[in-house]
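We use all heavy atoms of the structure for the numbers below, so side chains are in, but hydrogens, waters and symmetry mates are not.
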Amino acid sequence: MIKVSLLDGSVRYVSEGSTILDLAASVAEGLARKAVAGKINGELKDLDFPLMYPCSQAGESVSTELPLAVEIVTVDSEDGVGLEVLRHSTSHLMAQAVQNLFPGTQLAIGPPIANGFYYDFDSDHVFVPEDLAAIEAEMKRLASEDLPIRREELSREEALTLFREREEPYKVELINDLPADVAISVYHQGSFVDLCAGPHVPSTKRLKVFKLQTVAGAYWRGDENNKMLQRIYGLAFVKESDLSTYLFRLEEAKRRDHRKLGAELDLFSLHEDGPGFPFFHPKGMILRGLLEDFWRREHVKRGYQEIKTPIILSRSLWEHSGHWDHYKDNMYFTQIDDRDFAIKPMNCPGGMIIFKSKIRSYRDLPLRFGELGLVHRHELSGVLHGLLRVRNFTQDDAHIYMTPEQITGEIIGVIELIDYFYKVFGFEYHVELSTRPENSMGSDETWDMATEALQKALINKGLKYKINAGDGAFYGPKIDFHVKDSLERTWQCGTIQLDFLMPEKFDLSYIGEDAEKHRPVMIHRVVYGSLERFMALLIEHYAGAFPTWLAPVQVRVLPISDRHHDYGAEVATRLRETGVRAEVDRRREKINYKIRETQTEKIPFALIVGDREVEESRVTMRRYGEADSVSVSLEAFQHLLDSEKPPGTVGRPEPQLTD
């Protein structure tokens, strides 16, 4: 008998040679139905993998009272591994369907990805969107046949022979590139065979909910010097409702696309005269200004001082900071007076120059410098995407200089600031701790100290976090904040980086209580991340219907006819005098048309003025998205607007909409 320890700590005994699926069935039939794979001592295996004790070098089973640690991986496992197995298996199902329908198609690779899978094919047939329905139908037929999916391990020679005979050159290349000590496995389902490490679901009948999406081009192994293959993308889920929800979100994402809304709402534009360099229109500048004003107001409250550093600085500075060695491929350069200069990709070296511009005392610390700094980074044209991925953007940087004793308190202060900002904008978020990358600077001791300090602050605040191994900055570990928008997508925005190395490289110091020089510790942090990216997220999160305090135009006054223009202008003037962004629609259009257009432009309030409003010195108010209108005095309407002012500003007493 085999002693097995399950994830919940319970212990079971099963016959040697029993499979992981047998074990799952012995626990509960429902568990067996949901199982897609298993883990034995942390190693992912197929459900038909036999449970056995490890063998000695002589090949005999090792007798031990230590249990095998077995985890049953289900389709809804929290770590998402079960769903990955399901999606990977669905990619094989699609590959089988493609080869059935288009004989001679050669297979490249087909991994699982977020929400689905893809497979790359080399085929004489050019796939078009109309082919996807036929492929999908063939996939459903194969799934209904309940084909067993079986793993087979082969020697290198056997594997090469198999795929040469099947005329699969890409698989042959992959096998030849595998290390000599790697076990080679293939998976069979009916007449279909694929090179794969697995694991996979036990049969095709488990694959029920999928939909093919698009066809795209993809270079073999991502190298533009290789042949262009055809990539088919698909979705795969456990339940039809999950697929329907995702498809709805895709349609919502199209409707909310910030590039589309940016043009419709006249916020910004993108042009070939400056690829990756956005042009902001007047309304877009209002939105930017509001975000900057809010940023400044909240930072002043928390003891930050704003600075501004040059966009162009000498090459020697970037060499000294380490950016030249670690980042020069993403930088732009120029020459001035026969000297090499670089356009800054980051703000931190300029901030350190300001710190060094005078002698600092321990009494000055913590010193919090904030900068809305324009930076430039060379991004490949293929990854540019609206305001989400650009070549110049404004980082809401701050650099905090402090004593070692102040580290935890300052990190907690930044966490609280970021949390406040995201709550104001209605974003949920999760946190990741990014650790030392391969190209890092500094000693193990320094990195361990910095990582421990960040962990201590996260624990102090009670924040759950996951480790993002190897994704820290080259000079220090960081806490990354990933915001979740209204479509459940996540975006990395805020970050906190702890840095012991840059103060050393720039020889920063302060005079301590002992009248001696000491080295400060430094925090790099952003809240918005990139102002441009944050604007894109807000546009999509609100679908362009901004809260009143963020709307570029808050109120549009709609005179019913020419004789009401003077009163309409008076209403707009009175509102503008109190800081409201108001405009008058003076066009000779019917009032219903004006109302519809105001709704289309997502302006928070339309104020209709006609004979009755002129006589009674009132307005008829209609809020965006609502069908009903209400007649109010202008004073009552101004009270309402005051209640929707930016967070942290003082308004008038509670609004009264009737009087």
**Prompt:** Counting only heavy atoms not in Lys140, do more than 12 sit closer than 6.0 Å to its NZ atom?
**Reply:** no

**Request:** May I ask you to check whether Phe425 and His541 place their ring centers less than 6.0 Å from one another?
**Result:** no

**Asked** For the residue pair Ala95 and Leu107, what are the closest heavy atoms and their distance?
**Response** CB-CD2, 3.9 Å

**Prompt:** Heavy atoms, side chains only, cut-off 4.5 Å: are Leu7 and Lys39 in contact?
**Reply:** no

**Message:** Other residues, nucleotides and ligands only: do more than 12 of their heavy atoms fall within 6.0 Å of CD on Glu488?
**Reply:** yes

**Request:** For the pair Arg259 and Asp257, find out whether any cationic side-chain nitrogen is under 4.0 Å from an anionic carboxylate oxygen.
**Result:** yes

**Request:** Measure the CG-NZ distance between Leu261 and Lys602 for me, rounded to the nearest 0.5 Å.
**Result:** 6.0 Å

**Request:** Kindly write out the residues that satisfy side chain to side chain donor-acceptor pair (under 3.5 Å) with Asp124, not counting sequence neighbours, or none if the list is empty.
**Result:** none

**Request:** First locate atom OG1 of Thr490, then atom CG of Leu537, and finally report the distance between them rounded to the nearest 0.5 Å.
**Result:** 10.5 Å

**Request:** State, yes or no, whether a side-chain contact exists between Phe393 and Leu531 at a heavy-atom distance under 4.5 Å.
**Result:** no

**Prompt:** Is Met346 close to Tyr327 at the side-chain level, that is, under 4.5 Å between some pair of heavy atoms?
**Reply:** yes

**Asked** Between Cys493 and Val526, what is the shortest heavy-atom contact and its length?
**Response** O-CG2, 3.7 Å

**Audit row: Glu532, Phe268, side-chain contact (heavy atoms from CB on, under 4.5 Å) steps and yes/no** = CA-CA 10 Å; Glu532 287 74 7; Phe268 69 92; over 6 Å; no

**Message:** Whether Arg377 engages the ring of Tyr332 as a cation-pi pair (distance to the six-membered ring centre under 6.0 angstrom, angle to the ring normal within 45°) should be assessed.
**Reply:** no

**Message:** So for atom CD, which belongs to Glu428, do other residues, nucleotides or ligands contribute more than 12 heavy atoms lying within a distance under 6.0 Å?
**Reply:** no

**Complete:** When rounded to the nearest 0.5 Å, the distance separating NE2 of His188 from CZ of Arg150 is 4.5 Å

**Message:** Testing the basics here: between His200 and Gly198, what is the closest heavy-atom pair and its distance to 0.1 Å?
**Reply:** CD2-CA, 3.9 Å

**Nearest heavy atoms of Ala108 and Leu174, plus distance in Å** = O-CD1, 4.2 Å

**Prompt:** Got a sec, which residues hit side chain to side chain contact (heavy atoms under 4.5 Å, CB included) with Ala342, two or more places apart in sequence or on another chain?
**Reply:** Trp318, Met331, Phe333

**Message:** Within the 4.5 Å heavy-atom criterion, are Tyr233 and Asn115 side-chain neighbours or not?
**Reply:** no

**Item:** Ionic contact status for Arg255 with Glu252, cut-off 4.0 Å
**Value:** yes

**Asked** Parallel, tilted or perpendicular: which describes the rings of Tyr528 and Phe534, with under 30° parallel and over 60° perpendicular?
**Response** tilted

**Message:** If you count heavy atoms of other groups shown closer than 6.0 angstrom to NZ of Lys328, is the number above 12?
**Reply:** yes

**Request:** State whether the side chain of Gln99 and the backbone N or O of Thr105 hold a donor-acceptor pair below 3.5 Å, judged by distance alone.
**Result:** yes

**Request:** Please determine if Glu432 and Lys466 form a salt bridge, counting it only when a charged side-chain N lies under 4.0 Å from a carboxylate O.
**Result:** yes

**Asked** How about Ile232 and Phe117: do any of their side-chain heavy atoms sit closer than 4.5 Å?
**Response** no

**Item:** Minimum-distance pair of heavy atoms, taken over all atoms of Ile72 and Ala35
**Value:** CG2-CB, 3.7 Å

**Message:** How long is the straight-line distance from CD of Gln599 back to OH of Tyr624, given to the nearest 0.5 Å?
**Reply:** 6.5 Å

**Check: Gly494 main-chain N/O paired with Gln492 side-chain donor or acceptor under 3.5 Å** = yes

**Prompt:** Using the ring of each side chain (for Trp, its six-membered ring), is Phe277 parallel, tilted or perpendicular to His376, with breaks at 30° and 60°?
**Reply:** tilted

**Item:** Gap separating the CG atom of Leu250 from the OG1 atom of Thr245, nearest 0.5 angstrom
**Value:** 11.0 Å

**Asked** Does the gap between the ring centers of Tyr119 and Phe121 come in under 6.0 Å?
**Response** yes

**Message:** Is it the case that the side chain of Arg156 and the backbone of Leu178 share a donor-acceptor pair, with hydrogens and angles ignored and the cut-off at 3.5 Å?
**Reply:** yes

**Item:** Residue Lys283 excluded, over 12 heavy atoms near NZ under 6.0 Å
**Value:** yes

**Request:** May I ask you to check whether Asp146 and Ser203 show a side-chain donor-acceptor distance below 3.5 Å?
**Result:** yes

**Request:** Would you mind checking if Lys171 and Asp194 are paired as a salt bridge, meaning a charged N to carboxylate O distance below 4.0 Å?
**Result:** yes

**Item:** Flag for Thr19-Asp22: side-chain donor and acceptor within less than 3.5 Å
**Value:** yes

**Request:** Give me the ring orientation class for Tyr187 and His92: parallel if the planes are under 30° apart, tilted from 30 to 60°, perpendicular past 60°.
**Result:** perpendicular

**Asked** Does CD in Glu153 sit with more than 12 non-hydrogen atoms of other residues, nucleotides or ligands closer than 6.0 Å?
**Response** yes

**Asked** Within the side chain of Thr435, is there an N or O that forms a donor-acceptor pair under 3.5 Å with the backbone of Gly470?
**Response** yes

**Request:** Scan residues 141-164 for pairs that pass ring-ring contact (aromatic ring centres under 6.0 Å, His included), counting only residues two or more places apart or in two chains.
**Result:** none

**Request:** Check step by step if side-chain contact (heavy atoms from CB on, under 4.5 Å) holds for Val238 and Asp76.
**Result:** CA-CA 8 Å; Val238 179; Asp76 55 0; 6.0 Å; no

**Asked** Under a 4.5 Å cut-off applied to non-hydrogen side-chain atoms, are Arg391 and Ser381 in contact?
**Response** yes

**Side-chain (Thr74) to main-chain (Lys34) donor-acceptor, under 3.5 angstrom** = no

**Prompt:** Tell me, do Phe481 and Val431 make a side-chain contact under 4.5 Å, heavy atoms counted?
**Reply:** yes

**Message:** Would the distance check show the side chain of Glu379 and the main-chain N or O of Leu384 forming a donor-acceptor pair, the cut-off being under 3.5 Å?
**Reply:** no

**Request:** Give a yes or no answer on whether the side chain of Tyr429 reaches the backbone of Trp491 with a donor-acceptor pair at less than 3.5 Å.
**Result:** no

**Item:** Worked check of side-chain contact (heavy atoms from CB on, under 4.5 Å) between Val98 and Phe127
**Value:** CA-CA 10 Å; Val98 168; Phe127 297 116; 3.7 Å; yes

**Request:** Take the angle between the ring planes of Tyr170 and Trp220 and call it parallel below 30°, perpendicular above 60°, tilted in between.
**Result:** perpendicular

**Asked** In Å and rounded to the nearest 0.5 Å, what is the NZ to CG distance from Lys478 to Leu433?
**Response** 10.5 Å

**Asked** Does the pair His271 and Phe279 meet the rule for a ring pair (Phe, Tyr, Trp, His ring centres under 6.0 Å), with working shown?
**Response** CA-CA 8 Å; His271 303 276; Phe279 291 70; 4.9 Å; yes

**Asked** If only atom types and distance count, is the side chain of Ser15 paired as donor or acceptor with the main-chain N or O of Ser18 below 3.5 Å?
**Response** no

**Message:** Between Thr600 and Glu264, does the side-chain contact (heavy atoms from CB on, under 4.5 Å) criterion hold? Intermediate values first, please.
**Reply:** CA-CA 9 Å; Thr600 299; Glu264 290 176 359; over 6 Å; no

**Message:** For Gly82 versus Ser77, what's the shortest heavy-atom pair and its separation?
**Reply:** N-OG, 3.1 Å

**Side chains of Leu23 and Leu6 in contact at under 4.5 Å (non-hydrogen atoms)** = yes

**Item:** Lys/Arg-Asp/Glu bridge criterion (N-O < 4.0 Å) met for Glu84, Arg87
**Value:** no

